[in-house]
Number of protein chains: 4
Amino acid sequence: MAGKALRWERRPDDRPHELLEAALKVFAENGYRNTRLDDVAEAAGVTKGTIYHYFDTKEELLLSAIEHYQALAFGRVEGVLQDVHLPASTRIRLLVRKMFSVRAPSSRYLLALLVRAAAHEVRRVHDTWLRDGPVKLWGLIAQLVEEGKDRGEFRPDADGDAGARLLVSGLMLQLIWQQHAAAVPALAIDEDRLIDSTVELFLAGLRSSAPPIAYSSVD
Amino acid sequence: MAGKALRWERRPDDRPHELLEAALKVFAENGYRNTRLDDVAEAAGVTKGTIYHYFDTKEELLLSAIEHYQALAFGRVEGVLQDVHLPASTRIRLLVRKMFSVRAPSSRYLLALLVRAAAHEVRRVHDTWLRDGPVKLWGLIAQLVEEGKDRGEFRPDADGDAGARLLVSGLMLQLIWQQHAAAVPALAIDEDRLIDSTVELFLAGLRSSAPPIAYSSVD
Amino acid sequence: MAGKALRWERRPDDRPHELLEAALKVFAENGYRNTRLDDVAEAAGVTKGTIYHYFDTKEELLLSAIEHYQALAFGRVEGVLQDVHLPASTRIRLLVRKMFSVRAPSSRYLLALLVRAAAHEVRRVHDTWLRDGPVKLWGLIAQLVEEGKDRGEFRPDADGDAGARLLVSGLMLQLIWQQHAAAVPALAIDEDRLIDSTVELFLAGLRSSAPPIAYSSVD
Amino acid sequence: MAGKALRWERRPDDRPHELLEAALKVFAENGYRNTRLDDVAEAAGVTKGTIYHYFDTKEELLLSAIEHYQALAFGRVEGVLQDVHLPASTRIRLLVRKMFSVRAPSSRYLLALLVRAAAHEVRRVHDTWLRDGPVKLWGLIAQLVEEGKDRGEFRPDADGDAGARLLVSGLMLQLIWQQHAAAVPALAIDEDRLIDSTVELFLAGLRSSAPPIAYSSVD
DNA sequence: GATGAATGAGGGTTCATTCAT
DNA sequence: GATGAATGAACCCTCATTCAT
């Protein structure tokens, strides 16, 4: 209906953004090195050369994809819940759900990209992300645990730091692994249940008034 | 007894094994695609051509490295503790420690390799590993949790599956991330403490005799 | 008289000419292959696409730049001094000065372009230029030398052809090399002195044993 | 007779040197940018990849080719004729012949490469060569001219510098242009005659008014 | 067995050229 | 006319793989 050029097409859309989306997806699925620029181009419906209008190198494309979405991803936590009127446990619940209950595929891609490919391909970014992402996140949680201890919500001998690490790392890897659920059906789990059960278990462990039973007698 | 070791001590020409060690290390550090066979060769103190005496392709080298060490790694769980005389919590403790309290660098490399590179490079292997490794492991733990519930050790409403997933995934990723502790100091944690605290928190969460305090009032 | 210049002053939209100027300059400075059309466009203050309004291909742009200025450059010699009343030496002096005492940067660019880039890029043009430019020029000079011999101005055994070649080639390369005077200060020389000294030496060599006849009386 | 491998051949020869020769030739003929590594490889009878065994980049290949032969080329002048017993004119004759009477094609290629391609491609090398090659050479000649003046061989008002420049530049360009003699027959000239006539004219110009002293007795 | 020179397919990058706006 | 996004062929460079020694 519109004049369809055979080998040439101009699109008025927001090309850079489309390219970033495509790159994010393809990189996350295949890994950075396994992905040819042709793949990205194809996924974006353009040709290889077009990418070079917007990005100088393949690596810059990776970086841009990561940076673009990272801000977005972590925008969610910024300023979250320092609301001291709520009990610590509630704030932890909210924080975790805010971070992980995200359906956007781009977030999932980003996570996979950062945990896997970026570790080798753009170590600088990866390590920065580790510091400003997961580490910071479990730091926040650990801090909430301390608050909870002060208020008597949690038992004072709980190791909030280790627990918070587990919570964050575990959820991340589980969510990434959901991408393999087709090949390994036993992997599949409802994500909301995963997140909720997991947080509740964590909180229950912190509360746990009962003394560990045969704790020191083992091993 | 000492004498019989002669034939099995690492002989200077036990090339295949040396190559696998080198490959495992270099692949894990740099990623599969980022690693040239020259790098592996150099790490093994041989030249590139030598690798082709023992392995047909680069991918076969990766496969061999994974397979060779995988048996070793998961051999640890085989036949572990179905000793019904011990309480479930104790068996869980033992199981987790057996699996994760491993100092061997090869285990760490293997873990990183399987979580990261293999996902893209040899998806078949990766998914098989997922099924026979992590999934199986948290299955065992979930099963022990069920036993514990039956015996009254754990509260009946606990979500053992989600918890076991968290435990296994979280520890894995934490251990992998320890490789970045140099670049991100806040990451570093004593691994024994991580493992122990983590298991105890998990068990405490399952036991949790005290009624959740403000549990249902939120959200 | 001033009024009539109106139509022929460089109008702001005299694009083709501006493009040729820019191309000439940029090609000469960077070489043909090292120059992107974007460079030419930028130098001309337009965008790449504009060039294609006026020239079909990059090579045609090169050709046009050469042709446009070449006429101009060699127009100077056309009809020059067959004035038989002057001694041959005088006519040689005038000829050489006419050809080489040119301050216009475009001439210098053109020379560099023809000596260097064109040799590989548009060999046809290069070789044509050789024939109609330098070769013809030294032919004229050699002819004047013959006339001078006939009149007894020059010694009969002088090799006018070789000398004329030297004169023409040498001046050309020296003038081109002046573009490198910034990087190689020892190269720099006053161009008028170069040209004059050079011609006089040439003439002196032809005259040889006899004392210079009307040496100081000319020009 | 020897097993002829279909697509694989090992040559025991001095491969790097062969590559340099081929590169020098092809670069000089087509220009640096117009030459594909495949062209060089083909000229050397190998494939592209082989070049990368010996040279890191195309530019390094160019540099190596220039450097390798440059030493060789200018080795000829080193230590030449400070023999003060000979008249300056004789020493100039010897010097010029030593420099330019060279039949080796590699010298001719090198000259063309340095005068043309290198000016844009590796400006650093080009300018260095200008300083240490041509400029130095005509400096030596100018110095000999001064000596000649002191001894009364040459007239004191001669511009030795300009003359020496002309001599060096002119011969260089003439020799390079001989490569185009096939396309422009009028260009062709016997190189020995060119060199000799040229030097004699130069010397005659310096001597000038005085009758040539030992003109025919030398060399 | 071990070596390392040689190969060639693959992919990142450049840039002349096209064409919708 | 002018623009600049889009194209794709070309080319440099990498590196898994082969094989004569």
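First the proteins, then the strands, lettered A, B, ... as listed; each starts at 1.
Across every strand in view, F/dA16 sits in a pair with E/dT7 that passes the Watson-Crick or G-U test at under 3.5 angstrom.
Here F/dA10 presents its P atom at 18 Å from OH of A/Tyr52, a figure rounded to the nearest Å. Between D/Phe55 atom CZ and F/dT14 atom C1' the separation is 18 Å, expressed in whole Å. As a whole-Å value, the separation of D/Glu60 CD from F/dC12 P is 15 Å. The separation between B/Ile51 atom CD1 and F/dT17 atom P is 11 Å, rounded to whole Å. Between A/Arg33 atom CZ and E/dG10 atom P there is a gap of 16 Å when expressed in whole angstrom units. Rounding to whole angstrom units, CG of residue C/Asp39 and P of E/dC15 are separated by 8 Å. Here the P atom of nucleotide F/dC12 and the NZ atom of A/Lys58 are 21 Å apart, to the nearest Å. As a whole-Å value, the separation of C/Tyr32 OH from E/dT14 P is 19 Å.
Judged by closest nucleotide on DNA chain E, A/Asp56 is the one of A/Asp56 and C/Gly49 placed further toward the 5' end. Nearest-nucleotide mapping onto DNA chain F: of C/Gly45 and D/Glu59, the residue sitting toward the 5' end is C/Gly45.
The only option from D/Val40, D/Leu110, D/Asp39 that meets the side chain to side chain contact (heavy atoms under 4.5 Å, CB included) definition with D/Phe27 turns out to be D/Val40.
Closest to the side chain of C/Leu37, out of F/dC15, E/dT13, E/dA16, is E/dA16. Residue D/Arg36 places its side chain closer to F/dC11 than to any other of E/dG11, F/dC11, F/dA16. Of the candidate nucleotides E/dT3, F/dT17, E/dT7, E/dT7 has the atom lying nearest to any side-chain atom of D/Thr47.
Judged by the 6.0 Å distance and 45° axis criteria, A/Lys58 is positioned over the aromatic ring of A/Tyr32.
Interface remark: the B/Lys48 side chain does not form any donor-acceptor pair with the E/dT3 base, using a distance-only criterion of under 3.5 Å.
Side-chain nitrogen and oxygen atoms of C/His53 include at least one within less than 4.0 Å of the OP1 or OP2 phosphate oxygen of F/dG1. For E/dA2, one of the phosphate oxygens OP1 or OP2 lies less than 4.0 angstrom from a side-chain nitrogen or oxygen of B/Tyr54. Checking the phosphate oxygens (OP1, OP2) of F/dA2, no side-chain nitrogen or oxygen of C/Thr50 falls inside 4.0 Å.
A side-chain donor-acceptor contact under 3.5 Å links A/Asn34 to the backbone of A/Asn30.
In this pair, D/His68 and D/His17 present their aromatic rings perpendicular. The plane angle is above 60°, beyond the 30 to 60° band.
Defined by atom type and a distance below 3.5 Å, a donor-acceptor pair is present between the side-chain atoms of A/Glu21 and A/Tyr69.
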